[in-house]
**Q** 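Here it is, the structure, as structure tokens.
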Amino acid sequence: MQMSVPTLITFILYILFMIGIGFWSYRRTSTIDDYILGGRSLNGWVTALSAQASDMSGWLLLGLPGYAYVAGLSSMWIAIGLAIGTYLNWQFIAKRLRRYTDVVNSITISDYFENRFKDNSHILRVISALLILIFFLFYTASGLVAGGKLFEGTFGLDYNVALYVGALVIISYTFLGGYLAVSWTDFFQGSLMFLALILVPLVTIFDLGGLNGLWNNLGAINPDLLDATKTVSYKFSEGVLWVTSNTSFDIVAVLSLMAWGLGYFGQPHILVRFMGIRSAKEIKKSRLIATVWVVLALWGALFVGYVGAAFHNAGIEGFENALSDPEQIFIQMVQIIFNPWISGFLLAAILAAVMSTIDSQLLVSSSALAEDFYKAIFRKNASQKELVWVSRGAVILISIIALILAKSGGSVLDLVAYAWAGFGAAFGPAIILSLFWKRTTRNGVLFGMIIGGLTVIAWKNYEAFGLSSLLPNFDFAAWYEIIPGFILSAITIFVVSLFDKEPSQDIVDEFERSKKPLVNE
């Protein structure tokens, strides 16, 4: 498709606005605390929307609608799992993490682990920072791939050119403004994503004659698309086929989809939002905002996919041919239904989703290099100005490596799922137990993180690790790797901590202080 002038103008205006926020934030960033946590100054609205926008990424507007287009109502389980995970994370982790990081004076997740357990060896800091860098490189690369595909599919740009354009914009405002720029751009991007995911389904369902028309058209394709307990697969060959591959309730499939919710407890780019809110008393408001945003946005994304399949069945102009790539359903629907000016802003929502995640990942990764390696190990007396510029340099370095990985393309959803599981299994149990169980020890968390991360890697690559030979009748592919990784990590932390030496009294005292309100509450 050729680039339309109205769509191009809306994209340029949007990009200039994002870069403008970067320059505005640059003038307000002078210390490493400003750059990494914005001086803990953000209000509840910005924290909530930036946390959820950085969470969802382009997957929300590309991957999830594509999956719903293929699978029908059985896709709802992943949305339910994510909604529950979002609420529980805000309910139980946010306030305690905000207080505890203040008590132990920490501004990164790795910093928190080291200070929480008084780890003078720096091994916790190094291992956790390495895990962050490894998984975020692939996570960031997946976002750059998604951005490249958006520009390529919408404007007909060469993939490599599209990749560099998207990366340049994101790197610019993250480099300049750090946490403030990332959080404020995520606030606006989260608002745009939300409006797009509400507007598009509402308008398109009306074109089908309401919900009855939607369900009737889905049922005409395959009645099992309306059954959340059936697994329906999609094949593209000389037309489109929706084939029922499972006719009974598949508890493993449901658990694997809902297990995405477990990942929330270990995502560094989300956890750092809890650490950066200006007061723990803002969290109650943020929890409500974030939960409502997630629930409505997820269901909006699902309905985009459902409507896309129904449009195909109903013979809506432009949908005569099946999509060879279901993840393009949002892009195709917007371009066919809306005029170029509106579609330009709606397509910018995809770019917003991509940007809002990559910028957060770059910031967390750069903080891992600057704070957890450079300052902690090599330059303990580095000045604040020096650390800010090291962080900015790290943004460039990480972006270059991610770009190299992204040039080969690949599946966005697979990369995201892999990184999500890695963080959830490596950090989720460690965060939960370190916040709520005072008997947790350094060695417990250390071995738990390693076991969780390695389990995800081995499970995902079960054939290469020889697991299929050990258990030839077990279906490793049916289970999302976060489930065994999370469980084994939690068990490891618990068992090792029980047999380890009890925490010192000063660690216990800080644990008790973290339960109490801060001065600004």
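Along the sequence shown, the residues carry numbers beginning at 1.
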**Q** Hey, what do you get for NZ (Lys95) to CD (Glu282), rounding to the nearest 0.5 Å?
**A** 11.0 Å

**Q** Nearest heavy-atom pair of Ile329 and Pro65: which atoms, and what distance?
**A** CG2-CB, 3.8 Å

**Q** Do you know the tightest heavy-atom contact between Val295 and Ala83?
**A** CG2-CB, 4.0 Å

**Q** Would you check, one step at a time, whether the test side chain to side chain contact (heavy atoms under 4.5 Å, CB included) holds for Ser74 with Thr231?
**A** CA-CA 7 Å; Ser74 64; Thr231 301; 5.6 Å; no

**Q** Using every non-hydrogen atom in the two residues, find where Gly448 and Ile493 come nearest and quote the distance to one decimal.
**A** CA-CG1, 3.6 Å

**Q** Can you tell me how far CD1 of Ile270 sits from OG1 of Thr86, rounded to the nearest 0.5 angstrom?
**A** 7.0 Å

**Q** Where is the tightest heavy-atom contact between Gly452 and Ala425, given as atom of each residue plus distance?
**A** O-CB, 3.6 Å

**Q** To the nearest 0.5 Å, tell me how far Arg98 CZ sits from Met275 CE.
**A** 9.0 Å

**Q** Identify, with sequence neighbours excluded, every residue that meets side-chain contact (heavy atoms from CB on, under 4.5 Å) alongside Thr492.
**A** Phe447, Ile451, Val496

**Q** Just do the side chain to side chain contact (heavy atoms under 4.5 Å, CB included) check on Leu225 and Tyr306 with the steps written out, would you?
**A** CA-CA 9 Å; Leu225 286 172; Tyr306 302 154; over 6 Å; no

**Q** Pairs under 3.5 angstrom only: tabulate donor-acceptor contacts from the side chains of residues 198-218 to other protein residues two or more places apart or in another chain.
**A**
from, atom 1, to, atom 2, distance (Å)
Thr204, OG1, Val200, O, 2.6
Thr204, OG1, Pro201, O, 3.2
Asn216, ND2, Asn212, O, 3.0
Asn217, OD1, Asn313, ND2, 2.8
Asn217, ND2, Gly213, O, 2.7

**Q** Can you tell me how far OG of Ser75 sits from CG of Leu298, rounded to the nearest 0.5 angstrom?
**A** 10.5 Å

**Q** What pair of heavy atoms forms the shortest contact from Ile84 to Met258, and how long is it?
**A** CD1-CE, 4.1 Å

**Q** Sub-3.5 Å donor-acceptor pair from the side chain of Asn461 to the main-chain atoms of Ile457, do we have one?
**A** yes

**Q** Can any side-chain N or O of Arg96 pair as donor or acceptor with the backbone N or O of Leu435 at less than 3.5 Å?
**A** yes

**Q** Check ring-ring contact (aromatic ring centres under 6.0 Å, His included) between Phe494 and all other residues, then give those that pass, not counting sequence neighbours.
**A** Trp437

**Q** Got a second to check how far Ser469's OG is from Glu463's CD, nearest 0.5 Å?
**A** 9.0 Å

**Q** Restricting to ring-ring contact (aromatic ring centres under 6.0 Å, His included), what partner residues turn up for Phe135, sequence neighbours left out?
**A** Phe423

**Q** Is the shortest side-chain heavy-atom distance between Ile432 and Phe265 below 4.5 Å?
**A** yes

**Q** Once ring-ring contact (aromatic ring centres under 6.0 Å, His included) is applied, do any residues pair with Phe476, and if so which ones, sequence neighbours excluded?
**A** Trp459, Tyr462, Phe474

**Q** Can you name the one residue among Phe427, Trp90, Trp420 that meets ring-ring contact (aromatic ring centres under 6.0 Å, His included) with Tyr264?
**A** Trp420

**Q** Show your working on side chain to side chain contact (heavy atoms under 4.5 Å, CB included) between Asp227 and Leu73 and close with a plain yes or no.
**A** CA-CA 6 Å; Asp227 190 338; Leu73 290 191; over 6 Å; no

**Q** Taking the side chain as everything from C-beta on, heavy atoms only, tell me whether Ser128 gets closer than 4.5 Å to Ile109.
**A** no

**Q** Can Val307 and Tyr69 be said to form a side chain to side chain contact (heavy atoms under 4.5 Å, CB included), step by step?
**A** CA-CA 8 Å; Val307 171; Tyr69 179 88; over 6 Å; no

**Q** Once rounded to the nearest 0.5 Å, what's the spacing between atom CD1 of Ile93 and atom CG of Leu271?
**A** 7.5 Å

**Q** Would you say the side-chain atoms of Thr291 pair up with the backbone N or O of Leu288, donor to acceptor, closer than 3.5 Å?
**A** no

**Q** Report the residues that fulfil ring-ring contact (aromatic ring centres under 6.0 Å, His included) with Tyr480, sequence neighbours left out, ordered by chain and then residue number.
**A** Trp260

**Q** When you measure from the side chain of Ser489 to the backbone of Phe486, do you find a donor-acceptor pair of N or O atoms at a distance under 3.5 Å?
**A** no

**Q** Which heavy atom of Ala426 sits nearest to which heavy atom of Leu131, and what is that distance?
**A** CB-CD1, 4.0 Å

